[in-house]
Amino acid sequence: MNKIALITGTTSGIGEATAKNLAKIGYDLIITGRRKDRLDILKTSIIKECNNNVLQLCFDIRNTTDVLYAINSLPESWQNIDVLINNAGLAAGFDPVDKALWEDWETMIDTNVKGLLYLSRQIIPLMKKRQKGHIINISSIAGINTYANGSVYCASKHAVNAITEGMRIDLLPYNIKVSSISPGAVETEFSNVRFKGDDEAIKKIYKGFTPLNANDIADTIKFIITRPDHVNINDILIMPTRQANSYYTFRD
Ligand code: NDP
Ligand code: 8X3
């Protein structure tokens, strides 16, 4: 029987690349996100390429009713989740704290922090029952450095780090591993979402250096989940070679 991974936010970027990569190493996949058309395409392509089992759950991670419905509706054979990858997340806006939109703050906190918690809350009992599992939370360099115009996104990723640490402690007795990955700049749809389609702002972010790509993170996830049973990777901080931290990027 194949292992099962549930990945949130598989309609683009890191989540999509991770789904494709894990399919190649034999995982059956629960793919999630709000854009059903993209889930359909991903499911078809994974089945065509790897012939693994794929279950798609289309829901908004901010909505408790939808999260409950999605997880409660899992057929029994899909409840043995080995790996949960809490990846769905976003930055909304790039503004000083006195000018940012309340709505953007709510979107980030509701998705990056509360959504991650809602879903984990429902999956952890399934892992506890089996006395095994692995949770990987996608954090960020923004969970380590706080930069101008990013206070609430950074706060949301600092919160992810605290939640990761707390989960690791609470789940110690149940043989459930908890890891996180903290990437620097990864070229995905992240900046399109953050800058709301402002092409100039988006281009500036990745100008003059080679950022990470989604496969780099998928590869890191593969490394983390293929360690022996007695080894847990607590956190991996992964940066583009030309980016030292949130403040220093060497551009051409
Ligand atoms: P993308 O925008 O490419 O992907 C984000 C994914 O999250 C999409 O699949 C989106 O699906 C999903 N998502 C967003 N909001 C919701 C929601 N309310 N409910 C369900 N799913 C949602 O960005 P990335 O792949 O770059 O981002 C993935 C993670 O990596 C995020 O947590 C981000 O903070 C983190 N990260 C990104 C970095 C970067 O530079 N790109 C660096 C460090 C961390 P849909 O819209 O279909 O719902
Ligand atoms: C995304 C990376 O540097 O834009 O988490 O915050 S950054």
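Both counts, for ligands and for their atoms, begin at 1 and track the order of listing.
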Checking Phe59 against Tyr118 for the ring-ring contact (aromatic ring centres under 6.0 Å, His included) test, could you report, in this order, the C-alpha distance in whole Å, the side-chain angles of both residues, the deciding distance, and whether it holds? CA-CA 12 Å; Phe59 64 95; Tyr118 296 153; over 10 Å; no
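- In the displayed structure, Tyr174 atom OH is contacted under 6.0 Å by at most 12 heavy atoms of other residues, nucleotides or ligands.
- Counting non-hydrogen atoms of other residues, nucleotides and ligands closer than 6.0 Å to NZ of Lys3 gives a total of 12 or fewer.
- Other residues, nucleotides and ligands contribute over 12 non-hydrogen atoms within 6.0 Å of the OH atom of Tyr247.
- Contact residues for ligand 1 (protein heavy atom closer than 4.0 angstrom to any ligand atom): Gly9, Thr10, Thr11, Ser12, Gly13, Ile14, Gly33, Arg34, Arg35, Phe59, Asp60, Ile61, Arg62, Asn87, Ala88, Gly89, Thr111, Ile138, Ser139, Ser140, Tyr153, Lys157, Pro183, Gly184, Ala185, Val186, Thr188, Glu189, Phe190.
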Verdict with reasoning, Asn87 to Thr18, per side-chain hydrogen bond (donor to acceptor under 3.5 Å, both in side chains): CA-CA 10 Å; Asn87 163 75; Thr18 303; over 6 Å; no
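- Neither the backbone nor the side chain of Lys157 has a heavy atom within less than 4.0 Å of ligand 2.
- Which parts of ligand 2 touch Ala142 is read off a 4.0 Å heavy-atom cut-off, strictly below it: atoms 6 (O).
- Residue Phe250 qualifies as open at atom CZ: its count of foreign heavy atoms under 6.0 Å is 12 or below.
- Contacts between Ile141 and ligand 2 below 4.0 angstrom, taking non-hydrogen atoms only, involve the side chain exclusively.
- Between Ser140 and ligand 2, a contact under 3.5 Å exists for at least one N or O pair.
- Looking at Lys177 and Asp229, no side-chain N of the basic residue comes within less than 4.0 Å of a carboxylate O on the acidic one, giving no salt bridge.
- A 6.0 Å sphere centred on OH of Tyr69 holds no more than 12 heavy atoms belonging to other residues, nucleotides or ligands.
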Distance-only donor-acceptor hits, side chain of residues 90-103, under 3.5 Å, sequence neighbours excluded:
none

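- For ligand 2, one of its N or O atoms has an N or O atom of Tyr147 under 3.5 Å away.
- For ligand 2, the atoms lying closer than 4.0 Å to a non-hydrogen atom of Arg194 are 4 (O).
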